[in-house]
Amino acid sequence: MSVAVTLVFGFALPVRAAETPEPVRMGCGHMTFDTVPGWSLGADGKSVIGPCHGSVVVDKEGNIYTSAHAGVFVFTPEGKPVRSFLGDKYSDIHDMKIRDEADGEFIYGARNANAEGIKFNARTGDIVLHLPFPEASGLKSKPFNPTAITVAPNGDIYLSDGYASNHIFKFDKNGKYLMHFGTKGNGLKEFNTAHGMTLDTRYSPPRLLICDRNHEPKGRLLHYSLDGEFIAEVVTGLGMPTSAVVQGDYVSVPDLHGRLVILDKSNTIIAVLGHNDDPAKRGNYNVPQAQWIEGIFSGTHGSSWDKDGNLYVQDWNVAGRLMKLVRVKWPTVR
């Protein structure tokens, strides 16, 4: 048994407000991480974000944004809340991306329950763009339930209708409808819940990396060009991949079955984090905070890297679970 696995089983304890467990080490090699017990919890040891089914992004100052039913909460790298954007305008953002633009940093969000994409200033919360169902497409795709959003280098916006038609809509930076592609099904070039999506900058030119969560027989990742052309299946057999985020040559892919996988540039899985082997707890939204286990995930839904390679992970969870995983820096061998 490896050291990483031994540590997980040695220190994996239920989280309670009255106690703070020891950190848990997970992963392997240069993708080894330590959990930060209690990170983002309030002074009483309880979650401050409430029910969540959302995403995580990190701004250029290192602040961490996570979306929940109540809205968007912002934390320092130390896990202290600094601001929030709450209420109907910001509720239930299923996926987020953050982008540094000429007039500031902006968050792009997919709101599946509210049938729109949005863009808002990450500092002030001012909403500058709404993306409702594009009537100009000529489609009659109702309901409209966007689950993922991403932005091309030129500002074009991609919005996936992952909980409904499985079309992916492309807009220009001002919100003008340009095109759409994809349809629902289990064929090679069809999506069965195009749940997550990101810009894959590991390749030149960049391309779309799409999480096809419910594709049979198992979930998969796909590459499409920015013009909506199928490129290839990237990897299959992932369970239920919910989202993806790229840093350098690596991709973090949360799996709703209660784990997070990291892929390298060859799209080989090089680390698995937080694996939950309890069928009653994995993929389960209703795990209360009293039953959380340090280092074990339940319904892994969103993640983001910071500049130092640390990961922030959100579980799909009734109490609102947001975790920090600190990248272990191994000493250089001479």
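The structure displayed is predicted, hence computed values, not measured ones.
Put simply, CZ on R220 and OG1 on T236 are 9.0 Å apart, with the number rounded to the nearest 0.5 Å. With rounding to the nearest 0.5 angstrom, the CD atom of E116 is 8.0 Å from the CG atom of L131. Separating the CD atom in E294 from the CE atom in M323 is a distance of 8.5 Å, to the nearest 0.5 Å. In this structure, CD in Q247 is found 10.5 Å from CG in D249, a value given to the nearest 0.5 Å. Atom CD1 of I296 and atom CE of M26 lie 7.0 Å apart (nearest 0.5 Å). Distance CG/L322 to CD1/I64: 8.0 Å, rounded to 0.5 Å.
Using a cut-off of 4.0 Å between Lys/Arg side-chain N and Asp/Glu carboxylate O, E135 and K142 are scored as salt-bridged.
Put simply, I270 and F33 are part of the same group of oily side chains (I, L, V, M, F, W, Y) that touch within less than 4.5 Å, one to the next. L129 and L178 end up in different hydrophobic clusters when Ile, Leu, Val, Met, Phe, Trp and Tyr side chains are linked at under 4.5 Å. A single hydrophobic cluster is not seen to contain both F73 and M96; linkage of ILVMFWY side chains at heavy-atom distances under 4.5 Å, directly or through other members, places them apart. V57 and Y108 fall into different hydrophobic clusters, where Ile, Leu, Val, Met, Phe, Trp and Tyr residues are linked whenever their side-chain heavy atoms come under 4.5 Å apart, directly or through other members. Under the 4.5 Å side-chain heavy-atom criterion for ILVMFWY residues, a single connected hydrophobic cluster contains both V246 and L221.
For the 3.5 Å distance criterion, the side chains of T183 and E190 fail to qualify, holding no donor opposite an acceptor. Remark: the N63 side chain and the R123 side chain contain no N/O donor-acceptor pair separated by less than 3.5 Å. Between the side chains of Y65 and D59, a donor-acceptor pair is found at a separation under 3.5 Å. Looking only at atom types and distance, the side chain of N154 has a donor-acceptor partner in the side chain of D156 under 3.5 Å away. No side-chain donor from either of T147 and N112 sits under 3.5 Å from a side-chain acceptor of the other. A donor-acceptor pair shorter than 3.5 Å can be found between the side chains of S266 and D264. A donor and an acceptor atom, one from each side chain of Q289 and S47, are nowhere located under 3.5 Å apart. No hydrogens or angles considered: a donor-acceptor pair under 3.5 Å links the side chains of S91 and R111. Remark: the H215 side chain and the N192 side chain contain no N/O donor-acceptor pair separated by less than 3.5 Å.
Checked by atom type and distance alone, the side chain of T198 never pairs as donor or acceptor with a backbone atom of D200 at under 3.5 Å. Of the possible polar contacts, one joining the N284 side chain to the A280 backbone as a donor-acceptor pair under 3.5 Å is found. Judged purely by atom type and a 3.5 angstrom limit, D161 has no side-chain atom pairing as donor or acceptor with the backbone of F144. One N or O on the side chain of S67 and one on the backbone of S55 form a donor-acceptor pair closer than 3.5 Å. For W305 (side chain) and G248 (main-chain N/O), no donor-acceptor pair under 3.5 Å exists by modelled atom type. Under a 3.5 Å cut-off, the side chain of E22 and the backbone N or O of P37 do not form any donor-acceptor pair. The backbone N or O of I118 sits nowhere less than 3.5 Å from a side-chain atom of H130 that would complete a donor-acceptor pair. The backbone N or O of K46 sits less than 3.5 Å from a side-chain atom of D44, completing a donor-acceptor pair. Counting only distance, with no hydrogens or angles, the side chain of T193 and the backbone of H195 share no donor-acceptor pair below 3.5 Å. Formation of a donor-acceptor pair under 3.5 Å by the S243 side chain with backbone atoms of G196 is not found in this model.
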Exercise for the section: May I have the step-by-step check of side-chain contact (heavy atoms from CB on, under 4.5 Å) for L208 and L226, ending in yes or no? Expected result: CA-CA 6 Å; L208 297 174; L226 299 184; 3.9 Å; yes
Practice task
For salt bridge (charged side-chain N to carboxylate O under 4.0 Å, His left out), just list the numbers for K170 and D227, CA-CA rounded to whole Å, side-chain angles, deciding distance to a tenth of an Å, and then say yes or no.
Solution key: CA-CA 9 Å; K170 180 180 179 180; D227 293 320; 3.5 Å; yes
Exercise for the section: Verify ring-ring contact (aromatic ring centres under 6.0 Å, His included) between F120 and Y90, making sure each step is shown before the conclusion. Expected result: CA-CA 9 Å; F120 64 94; Y90 308 100; 5.5 Å; yes
Practice task
Start with the C-alpha distance between S298 and N317, add both sets of side-chain angles, then the distance that settles side-chain contact (heavy atoms from CB on, under 4.5 Å), and finish with yes or no.
Solution key: CA-CA 8 Å; S298 57; N317 185 260; 4.2 Å; yes
Exercise for the section: Test N267 against R202 for side-chain hydrogen bond (donor to acceptor under 3.5 Å, both in side chains), laying out the working first. Expected result: CA-CA 11 Å; N267 295 304; R202 297 176 299 163; 2.8 Å; yes
Handout entry: Intermediate values then yes/no, side-chain contact (heavy atoms from CB on, under 4.5 Å), K119 and R99
Key = CA-CA 10 Å; K119 175 185 177 182; R99 192 165 185 261; over 6 Å; no
Handout entry: Full working for side-chain contact (heavy atoms from CB on, under 4.5 Å) between T242 and D255
Key = CA-CA 6 Å; T242 55; D255 178 346; over 6 Å; no
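Between Y250 and H30, the gap from one ring centroid to the other is short of 6.0 Å. Aromatic pair H94/H53: centroids less than 6.0 angstrom apart. For F191 and Y224, the ring centers are positioned less than 6.0 Å apart. Taking the six-membered ring where the residue is Trp, the centroids of H257 and H275 are separated by 6.0 Å or more. Aromatic rings of F75 and Y312 (six-membered ring for Trp) have centroids beyond the 6.0 Å cut-off, not under it.
The side-chain heavy atoms of H223 and Y203, taken from C-beta on, include a pair separated by under 4.5 Å. Residues F133 and L159 form no side-chain contact, since every pair of their non-hydrogen atoms from C-beta on lies 4.5 Å or further apart. At least one side-chain heavy atom of R25 sits under 4.5 Å from a side-chain heavy atom of T32. Residues V48 and P81 fail the side-chain proximity criterion, which asks for heavy atoms closer than 4.5 Å. F169 is listed as a side-chain neighbour of L139, based on a closest heavy-atom distance under 4.5 Å. You'll find the side chain of L311 reaches within 4.5 Å of the side chain of L273, heavy atoms only. Counting only heavy atoms from C-beta outward, the side chains of I168 and M197 approach each other to under 4.5 Å. With a 4.5 Å cut-off on side-chain heavy atoms, I231 and S225 count as touching.
Around the CG atom of D88, the shell of radius 6.0 Å holds no more than 12 heavy atoms that belong to other residues, nucleotides or ligands. Residue K89 qualifies as open at atom NZ: its count of foreign heavy atoms under 6.0 Å is 12 or below. For K329, the NZ atom counts as densely surrounded, since its 6.0 Å shell holds more than 12 non-hydrogen atoms of other residues, nucleotides or ligands.
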